[in-house]
Amino acid sequence: MSANTRDAAPLLRVEGLRKHFALTKGILFAKTLGHIKAVDDVSFDIRAGETLGLVGESGCGKTTTSRMILNLEDPTEGRILLDGEPIHGLRGEALSAYRARVQAVFQDPWSSLNPRMKVGRTIAESLIVNASRNRGRGDRAQIDARVRELLLQVGLRPEQAQQYPHEFSGGQRQRVALAAALASRPKLIVLDEPVSALDVSIRAQMMNLLKDIQAQDDVAYLLVAHDLATVRHMADHTVVMYLGKIVEQAPTASLFDDVRHPYTKALFSAVLVAWPGQAAEEIELRGEVPSPLDPPSGCRFHTRCPYVMPHCSQREPALREVSPGHFVACHLFE
Ligand code: SF4
């Protein structure tokens, strides 16, 4: 059964997505040395108003996947559909309409804030672009009112619209970035490590704010994170990636109470803070992630897996449903 069947009409559908980057040598007569398989046959759904957590070590393909969803990269194969419509090949107005519906908040809010622009102006810019796309006049009083409303929604004061980004703390800047993302009333926001640069004391506030906004606006989140505590707190559904492949995918409660894949177990073992239901079995993740230029044959995790069997290096395990909605790609579950 495909992991996509859990919902008949998802907001976003990712189908058989692949992204292979050519590795070349030389400039004029570039020779292709090989292909980096950053994302290799990835499928999942995101429903309206839900949070999907995408986790894995650095280099697992989660960032490349989110860049394709943001339409910043074209896939090598596969497709992405928003409300049933493919997103590739969008140009001009259709592309800006897509960008309004799918926004992003990144780990470093400086990347989306102009240091020389008052934050009210930054937020207003998205409103002006949106109004002109909808053939509206972008009425100044309405835009100012909406900027104030957005600042209040993210827990800031309306008068802070007159301040510059450097006058805010890191947590406040992330709130401003969120207000700017919310300005176009998106259906989906890609949250790329949204709290990992914040002080631990501020993280919970930011996560609770994101959940409150989701409850109010019915916005969906794709949460890209390496921190399992953030994913557990935020995500309804979690996808674990290793070397460009999905190795485990489940409702978050099911995953955290009954982790199955040896790689996911290893990720959990690396977390110092335990939680009820955490697997008692500990697996130490040894060695580096192999190169995606020449990934291991069969199961890509076999070079690091303590349960490796002779056929693991020869046959690639399929993603199978081991309990309702819980999918695992490992020969131990065949
Ligand atoms: Fe380990 Fe084999 Fe399962 Fe891969 S398929 S995770 S190598 S047991």
Side-chain angles (χ1 to χ4, degrees), residues 1-6 14 16-20 35-44 52-65 78 224-228 231-232 235 237-271 274-275 277-334:
M1 185 199 276
S2 157
N4 268 344
T5 54
R6 70 191 172 84
V14 170
L17 204 62
R18 291 181 204 272
K19 183 67 188 180
H20 297 177
H35 287 90
I36 296 171
K37 295 171 180 166
V39 176
D40 215 5
D41 196 12
V42 162
S43 301
F44 56 80
L52 184 124
L54 201 52
V55 294
E57 289 168 288
S58 123
C60 71
K62 57 190 193 298
T63 299
T64 306
T65 301
V224 179
H226 69 277
D227 173 29
L228 290 169
V231 171
R232 185 170 194 250
H237 204 86
T238 299
V239 169
V240 183
M241 288 183 70
Y242 182 76
L243 262 185
K245 295 265 184 200
I246 293 178
V247 295
E248 190 158 8
Q249 180 171 359
T252 302
S254 165
L255 186 86
F256 278 71
D257 287 348
D258 187 20
V259 57
R260 302 291 186 97
H261 195 282
Y263 174 64
T264 318
K265 285 184 183 174
L267 281 184
F268 278 43
S269 302
V271 179
W275 46 75
Q278 182 180 357
E281 183 185 4
E282 298 224 334
I283 296 179
E284 190 189 342
L285 201 49
R286 279 172 298 191
E288 296 296 315
V289 180
S291 166
L293 186 60
D294 185 20
S297 58
C299 170
R300 291 188 178 182
F301 189 54
H302 84 256
T303 54
R304 302 169 86 192
C305 179
Y307 305 107
V308 62
M309 300 173 280
H311 58 284
C312 292
S313 59
Q314 275 137 46
R315 272 197 295 120
E316 188 179 330
L319 200 58
R320 292 169 197 276
E321 193 169 26
V322 293
S323 60
H326 194 144
F327 293 79
V328 182
C330 172
H331 292 308
L332 291 172
F333 298 92
E334 286 174 357

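Note that this is a predicted model, so its numbers are computed, not measured. For reference, positions follow the sequence shown, starting with 1. Counting starts at 1 for both ligands and their atoms, in listed order.
In this structure Lys62 satisfies the salt bridge (Lys or Arg N to Asp or Glu O under 4.0 Å) test with no other residue, sequence neighbours excluded. For His331, the ring pair (Phe, Tyr, Trp, His ring centres under 6.0 Å) partners two or more places apart in sequence, or in a different chain, are His311.
A donor-acceptor pair shorter than 3.5 Å can be found between the side chains of Glu248 and His326.
Taking a cut-off of 2.8 Å, the protein N, O or S atoms nearer than that to atom 3 (Fe) of ligand 1 are Cys330 SG.
Salt-bridge check for Glu334 with Arg315: passed, with a basic side-chain N closer than 4.0 Å to an acidic carboxylate O.
The side-chain contact (heavy atoms from CB on, under 4.5 Å) test with Phe327 is passed by exactly one of Glu321, Arg320, His261, Arg260: Glu321.
Listed by first and then second residue, the side chain to side chain donor-acceptor pair (under 3.5 Å) pairs involving residues 287-304 are Asp40-Arg300, Glu57-Arg304, Tyr242-Arg304 (not counting sequence neighbours).
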